[in-house]
Each structure stands twice: as structure tokens, then as C-alpha cells.
Amino acid sequence: MKTAIVMGSKSDYPVVRRAEEMLERFGVEYETRILSAHRTPAAAEAFAAEAADRGIEVLIAAAGKAAHLAGVLAARTPLPVIGLPVKSSTLDGLDSLLSTVQMPKGVPVATVAIDGAENAALLAVQILGLRYESLQAAVKEYKKQMEAEILAADEEFQKSK
């Protein structure tokens with residue numbers, strides 16, 4: 001099971017790192033690359049076209065500003081692509097979100113929230129969980145842990161009132 005994270009610029013890495021950490025938590029192998037839809041279009045397209053042959057099963061595309069990276073990758077691969085819009089100095093990331101989510105018919109990109117790196121990785125794990133039962137079980141356990149943490153916090157909150 002392997003995921004690729006592609007970011008449009010090195011400046012996206014602080015956000016991308018959180019996706020890597022989530023994938024590591026679940027033991028999912030990944031590779032991270034810097035490829036731009038605008039500055040290295042041929043390399044980005046070649047990477048997407050060859051990804052499945054290299055054993056990659058899900059792509060995460062992180063980009064800010066005119067965030068066309070996810071769409072470029074999705075146009076060149078049969079693999080699921082998860083768009084991760086990155087907040088930029090322009091429009092607080094709304095431009096990134098809209099550039100990522102507004103794909104034409106036939107080029108789907110699943111899109112998470114602006115800077116939603118953990119959810120991008122978790123969605124990749126859930127997609128992989130359709131094929132790998134151990135990942136599906138790990139996601140179920142993760143959700144149980146989240147529930148327990150929230151219920152414990154509520155209990156503490158109720159006691160403090």
C-alpha cells in the first residue's frame with residue numbers, strides 16, 4: 001500500500017508534513033514530491049501517468065493560490081486524487097479551495113478543507129482500507145479512540161461546571 005503526496009511548492013511542506021505524520025501513524029508507505037502544475041507541467045503529468053505502474057494507489061495533491069495541481073494529476077491518472085488546498089497569503093486559501101474543488105465533469109478530485117492535511121491522509125487510508133482489511137480495522141480503532149477522548153473531555157467539562 002503506497003500513497004504519493006505531491007506539493008506544488010516547498011513552502012507547502014509544513015502543511016504536507018501533517019499528512020505524512022498521519023500516514024505514518026497508520027503504517028502507510030508514502031513518497032513526497034514537489035511538482036508544479038504551472039512550472040513543471042510535463043514532470044507533473046508524467047508522474048501522474050506513471051504512478052499506478054510504480055505501485056502508488058492514492059495521490060494527495062497539495063497546492064496553494066491557483067491550485068491546479070490536483071486537477072492536472074487527476075487528468076493523467078486512473079487513481080483516486082485527493083486535493084489539499086493550502087492557505088496562501090491570497091484570499092486566505094479560498095482561491096486554492098475553489099481551484100481544487102471546481103473540476104470539470106470526468107476529472108473528479110476529492111477535496112478536503114483548506115490546510116486539512118490530516119483529513120487528506122485519513123481519506124487516503126480509508127480508500128486503501130477498501131483493499132487492506134488491516135487498515136480498515138485501524139481506522140475503526142482510530143475512530144473509537146477519538147470518541148473516547150471526546151467523551152472523557154465532556155465528562156471533565158461537566159465536572160468543572
Side-chain angles (χ1 to χ4, degrees), residues 1-26 28-132 135-136 138-140 142-143 146 150:
M1 61 192 118
K2 189 172 182 182
T3 298
I5 306 171
V6 182
M7 58 185 153
S9 170
K10 187 177 177 183
S11 65
D12 299 329
Y13 189 66
V15 172
V16 165
R17 180 65 194 134
R18 298 192 329 258
E20 290 176 336
E21 290 168 354
M22 183 64 78
L23 292 172
E24 289 166 6
R25 177 180 185 156
F26 285 94
V28 173
E29 184 182 349
Y30 64 88
E31 65 179 84
T32 304
R33 298 286 308 270
I34 300 170
L35 297 168
S36 170
H38 302 107
R39 292 169 289 196
T40 61
E45 288 182 12
F47 180 84
E50 298 163 1
D53 292 337
R54 292 182 32 251
I56 294 169
E57 297 176 85
V58 180
L59 294 167
I60 297 172
K65 297 191 179 186
H68 298 113
L69 183 59
V72 167
L73 298 178
R76 298 289 294 167
T77 186
L79 300 173
V81 176
I82 301 166
L84 171 54
V86 176
K87 184 177 179 179
S88 62
S89 58
T90 310
L91 302 174
D92 284 333
L94 183 58
D95 51 340
S96 306
L97 174 64
L98 294 175
S99 295
T100 302
V101 77
Q102 289 294 110
M103 290 294 106
K105 183 171 91 173
V107 187
V109 170
T111 306
V112 298
I114 298 166
D115 287 352
E118 294 86 353
N119 275 352
L122 190 56
L123 181 55
V125 171
Q126 289 176 310
I127 291 168
L128 292 168
L130 294 170
R131 183 171 181 181
Y132 303 100
L135 281 182
Q136 195 171 92
V139 169
K140 288 178 182 178
Y142 174 80
K143 291 186 178 224
M146 271 196 321
I150 295 297

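Note that this is a predicted model, so its numbers are computed, not measured.
In this structure, CG on Leu91 lies 11.0 Å from CG on Leu97, to the nearest 0.5 angstrom. Here the OG1 atom belonging to Thr3 is positioned 7.5 Å from the CD atom belonging to Glu57, to the nearest 0.5 angstrom. Atoms CD and NE2, on Gln102 and His68 in that order, are 11.0 Å from each other to the nearest 0.5 Å. How far NZ of Lys143 is from CD of Gln126: 4.5 Å, rounded to the nearest 0.5 Å. Atoms CG and CD, on Leu35 and Glu45 in that order, are 11.0 Å from each other to the nearest 0.5 Å. Within the model, atoms CG of Leu135 and CD1 of Ile127 stand 12.0 Å from one another, a figure rounded to the nearest 0.5 Å.
Using a 4.5 Å cut-off on side-chain heavy atoms (C-beta onward), Phe47 and Val72 make no contact. Residues Tyr30 and Met22 have side chains not in contact (no heavy-atom distance under 4.5 Å, counting atoms from C-beta outward). In this structure the side chain of Ser88 reaches within 4.5 angstrom of the side chain of Asp95, judged on heavy atoms. Looking at heavy atoms from C-beta onward, Val109 lies out of side-chain contact with Val101 at the 4.5 angstrom threshold. Contact annotation: the side chain of Arg18 approaches that of Asp115 to within less than 4.5 Å [non-hydrogen atoms, C-beta and beyond]. Proximity of Val28 to Val58: side-chain heavy atoms (C-beta onward) are nowhere separated by under 4.5 Å. With a 4.5 Å cut-off on side-chain heavy atoms, Arg131 and Met1 do not count as touching.
Taking both residues in full, the closest heavy atoms of Ile82 and Ala124 are given as CD1-N, 3.5 Å, listed atom of the first, atom of the second, then distance. Considering every non-hydrogen atom in both Pro85 and Ala113, the closest pair reads CD-O, 3.8 Å. Residue Ala19 comes nearest to Ala121 through the heavy atom pair O-CB, 3.4 Å, listed as atom of the first residue, atom of the second, then distance. When all heavy atoms of Ala44 and Leu69 are compared, the pair lying nearest together is CB-CD1, 4.4 Å. Of all the heavy atoms in Leu79 and Ala51, the pair that sits closest is CD1-CB, 3.8 Å. Taking every heavy atom of both residues into account, Ala61 and Ala70 meet most closely at CB-CA, 3.5 Å.
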Practice problem: Show your reasoning for whether side-chain contact (heavy atoms from CB on, under 4.5 Å) applies to Leu122 and Tyr142. | Solution: CA-CA 10 Å; Leu122 190 56; Tyr142 174 80; 3.7 Å; yes
Self-check item: Ile56 and Glu31: CA distance, side-chain angles, deciding distance, side-chain contact (heavy atoms from CB on, under 4.5 Å) verdict
Solution: CA-CA 9 Å; Ile56 294 169; Glu31 65 179 84; 3.7 Å; yes
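Side-chain N or O atoms of Thr77 include none that pairs as donor or acceptor with a backbone N or O of Leu73 at under 3.5 Å. Side-chain N or O atoms of Thr111 include none that pairs as donor or acceptor with a backbone N or O of Gly83 at under 3.5 Å.
When each of Ile60, Leu84, Ile34 is checked for a side chain to side chain contact (heavy atoms under 4.5 Å, CB included) with Met7, only Ile34 meets the rule.
Salt bridge Arg17/Glu21: present, at least one basic N to carboxylate O contact under 4.0 Å.
Atom CG of Leu130 has more than 12 neighbouring heavy atoms from other residues, nucleotides or ligands inside a 6.0 Å radius. Within 6.0 Å of atom NZ in Lys87, 12 or fewer heavy atoms from other residues, nucleotides or ligands are found, so the atom counts as exposed in its surroundings.
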